[in-house]
Amino acid sequence: MKNPEIAKIFYHLALFEEMKDEFFKARAYDKAARMIESYGREIKDVYEGGGLEALQEIEGIGKAISEKIEEILQTGHLRLYEERKKEFPIDLDGLTSLEGVGPKTIKTLYQKLNVSTIEDLEKVIAEGKLKKLSGFGEKKEQQIRKSIEFFKQGRGRFLLGDMLPSLRNIESRLKRHLVVQNAMLCGSARRMKETIGDADFLVASDRPDEVMSFFTTLPEVTHVYSKGTTKSNVRLSLGIDADLRIVGKENFGAAMQYFTGNKDHNVALRTMAIVRGWKLNEYGLYEGERQIAGKSEEEIYKILGLDYIPPEMRENNGEIDLAANKRLPKLIEYNSLKGDLQVQTNYTDGLNSIEEMVDAAKKIGLEYIAITDHTKSLGVARGLDEEGIADQGKDIDKINKKFEGFRILKGAEVNIFKDGTLDIADKTLKELDVVGASIHSAFDLPKEEQTRRVLEAIENPNVDVLFHPTGRLINQRAPYEIDIERVIQKCRDTETVLEINAYPNRLDLKDEYIRKAVQIGAKLCIDSDAHSTLHFQYLEYGIGQARRGWATAENVVNTLHVDRFLTSLKH
DNA sequence: GCCGTTTTCGGCCCGACTGTTTTCAGTCG
């Protein structure tokens with residue numbers, strides 16, 4: 001069983017415990033579920049490698065939960081979970097996804113009205129039974145009805161790249177508002193997480209009423225869930241929900257820290273504060289009544305004895321220990337890329353000409369790009385054959401003469417056949433500056449076969465880069481089955497570069513694999529996979545992902561100037 | 001159920017908003 005499925009069982013156990021008023025057990029299950037869900041390796045592999053003891057090494061997993069995991073892995077289910085489901089045969093995923101409906105409401109609905117699904121809930125509302133329950137009323141019924149409506153419109157996590165431009169636009173309008181002293185988009189967007197569930201805006205102002213009215217009446221706002229003096233929650237026309245929190249400017253840093261998260265990182269900091277006899281909340285760090293930090297994020301980390309931790313690292317994955325020991329890596333900076341190694345043009349499925357792509361690349365500060373159009377076995381993209389590649393090379397030679405201080409590199413995105421061979425002859429590949437290899441067919445090979453296929457391609461001395469190494473499309477297609485650790489290892493051994501594809505729905509490698517690559521010293525690059533001049537802006541998401549994977553500039557080959565970059569490639 | 005820089009027992013992050021409650025419970029982040 002895979003991590004998300006195991007995590008789900010514990011999330012559900014947490015809900016059941018909460019229904020039974022066992023809050024601390026619930027918290028323990030919830031924490032274990034979150035750890036499992038975000039764990040870098042398959043829990044199954046951890047267990048098979050080191051048994052119960054290895055499981056208990058994971059924070060939040062002790063004796064009882066490790067034994068439950070063992071039972072799940074050995075038998076495929078958990079007796080306790082089956083019993084709870086019998087006791088409360090309820091569609092938890094459905095009902096908990098309704099805003100304003102939590103475990104207590106679910107329990108009451110089930111026990112008093114026999115509601116176990118959203119459909120049941122709609123029915124008792126229609127029959128007028130809901131508002132007659134004690135603790136429920138007209139308003140509550142309205143709220144739930146509205147939640148059901150929104151649920152049906154579809155919710156979920158949104159691609160960072162789909163949301164960030166619009167959210168930043170709102171952020172900058174908040175910033176410019178006359179009574180706003182400071183404004184910031186926090187939450188998972190600030191951590192540059194590949195997908196975000198909602199948007200968290202933070203504002204410093206001493207006239208919160210005016211800001212709150214401004215925010216809740218933005219043209220993008222389609223519904224106001226709640227509006228208070230310091231906090232409100234709305235739905236935006238983008239489909240995503242947004243929170244606004246308003247604090248005084250003396251609290252802004254503490255609030256930034258708090259609303260950037262993640263939750264586990266915050267809990268760890270709060271615990272550090274408690275150990276020192278202090279209290280940390282969104283208003284500041286307090287010794288008794290006295291605020292000892294809060295104006296800036298930096299001072300909070302400093303007083304807690306930590307180096308400043310960049311938002312992208314705040315996942316409680318060991319960053320706090322590193323910060324305490326002054327050993328945080330110096331993450332790659334957002335403006336540090338000199339080149340882009342995957343660019344398509346109108347020779348195949350790109351929209352723009354080579355010249356247009358060069359102009360756009362220059363505008364965002366790049367010094368070189370590799371033109372890597374698709375190759376012949378990708379029929380849908382009208383991929384180039386050996387002759388087409390040679391012709392394009394001649395064109396590139398001509399165009400290169402037109403641009404001062406910019407270099408167009410010759411490249412290709414070649415396809416890896418099922419047997420690990422490539423669709424372009426080695427003789428042609430040898431002439432190119434940058435050869436990227438990728439999988440565009442037979443996504444569903446068994447793991448061992450898929451892994452061998454990719455390892456074979458990496459061993460080809462002409463292959464410089466492995467493009468989008470796991471093939472996933474976020475929210476659309478699962479990664480293909482592959483032993484990514486072996487692939488990373490082989491890339492290091494052969495000096496093949498692993499791509500971090502910055503396209504918003506790829507972000508492939510993902511953060512935890514980047515960390516693996518960084519740990520063992522494999523080389524990385526960050527590419528836009530641009531199919532149009534507009535796509536170079538995606539590089540920012542790739543850098544964000546690299547930072548989430550703790551990569552430094554030294555780990556990323558396209559931070560090098562062009563000549564040094566070319567000599568860094570394998571020969 | 002987890003965990004240990006006061007601890008192997010006795011704590012467990014903390015505050016805002018809403019609704020139905022006249023002092024608080026539930027939910028959310």
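Quick note on labels: first sequence line is chain A, next is B, and so on, each numbered from 1.
Judged as a salt bridge (Lys or Arg N to Asp or Glu O under 4.0 Å), the pairs with a partner in residues 306-319 of chain A (not counting sequence neighbours) are, in order, Arg191(A)-Glu315(A), Glu297(A)-Arg314(A), Asp307(A)-Lys326(A), Glu312(A)-Arg547(A), Glu315(A)-Arg548(A). Applying the ring pair (Phe, Tyr, Trp, His ring centres under 6.0 Å) rule to pairs touching residues 176-197 of chain A yields His177(A)-Phe214(A), sequence neighbours excluded. The salt bridge (Lys or Arg N to Asp or Glu O under 4.0 Å) pairs that include a residue from residues 45-61 of chain A are Lys31(A)-Glu59(A), Lys44(A)-Glu48(A), where partners are two or more places apart or lie in different chains. Within the structure, salt bridge (Lys or Arg N to Asp or Glu O under 4.0 Å) pairs that include any residue of residues 243-253 of chain A comprise Arg245(A)-Glu282(A) (at least two apart or interchain). Among pairs with a residue in residues 3-15 of chain A, those fulfilling salt bridge (Lys or Arg N to Asp or Glu O under 4.0 Å) read Lys8(A)-Asp93(A), at least two apart in sequence or across chains.
Using a 4.0 Å heavy-atom criterion, one finds that Ile61(A) contacts the sugar-phosphate atoms exclusively. Residue Asp200(A) is classed as a sugar-phosphate contact, given heavy-atom separations below 4.0 Å to backbone atoms only. In this structure, Asn266(A) reaches neither bases nor backbone, as no heavy-atom distance under 4.0 Å exists between it and the strands shown.
Listed by chain and number, the residues in a salt bridge (charged side-chain N to carboxylate O under 4.0 Å, His left out) with Arg176(A) amount to none (sequence neighbours excluded). Qualifying salt bridge (charged side-chain N to carboxylate O under 4.0 Å, His left out) partners for Asp529(A), counting only residues two or more places apart in sequence or in other chains: Arg506(A). Applying the side chain to side chain contact (heavy atoms under 4.5 Å, CB included) rule to His77(A) yields the partners Thr75(A), Glu82(A); only residues at least two apart in sequence or on another chain are considered.
Near-neighbour residues of DNA chain B inside residues 103-122 of chain A, defined by a heavy atom below 4.0 Å, number-ordered: Pro103(A), Lys104(A), Thr105(A).
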For nucleotides 9-15 of chain B, tabulate all protein N/O to nucleotide N/O atom pairs closer than 3.5 Å, reporting atom names and distance.
| residue | atom | partner | partner atom | Å |
| --- | --- | --- | --- | --- |
| dC13(B) | OP1 | Arg27(A) | NH1 | 2.0 |
| dC13(B) | O2 | Arg270(A) | NE | 3.4 |
| dC13(B) | O2 | Arg270(A) | NH1 | 2.7 |
| dC13(B) | N4 | Lys263(A) | NZ | 3.0 |
| dC14(B) | O4' | Arg270(A) | NH1 | 2.5 |
| dG15(B) | OP1 | Lys279(A) | NZ | 3.1 |
| dG15(B) | OP1 | Asn281(A) | ND2 | 3.4 |

Pairs: protein N or O with nucleotides 20-23 of chain B N or O, under 3.5 Å:
| residue | atom | partner | partner atom | Å |
| --- | --- | --- | --- | --- |
| dT20(B) | OP1 | Gly137(A) | N | 2.7 |
| dT20(B) | OP1 | Gly137(A) | O | 3.4 |
| dT20(B) | OP1 | Lys140(A) | N | 3.3 |

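Comparing Gly62(A) and Arg276(A) by the nucleotide of DNA chain B that holds the closest heavy atom to each, the one mapping nearer the 5' end is Gly62(A).
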Expected list for residues 126-138 of chain A: side-chain donor-acceptor pairs under 3.5 angstrom, two or more places apart:
| residue | atom | partner | partner atom | Å |
| --- | --- | --- | --- | --- |
| Glu127(A) | OE1 | Lys129(A) | NZ | 3.0 |

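Look at dT8(B): it lacks any Watson-Crick or wobble partner with both distances under 3.5 angstrom.
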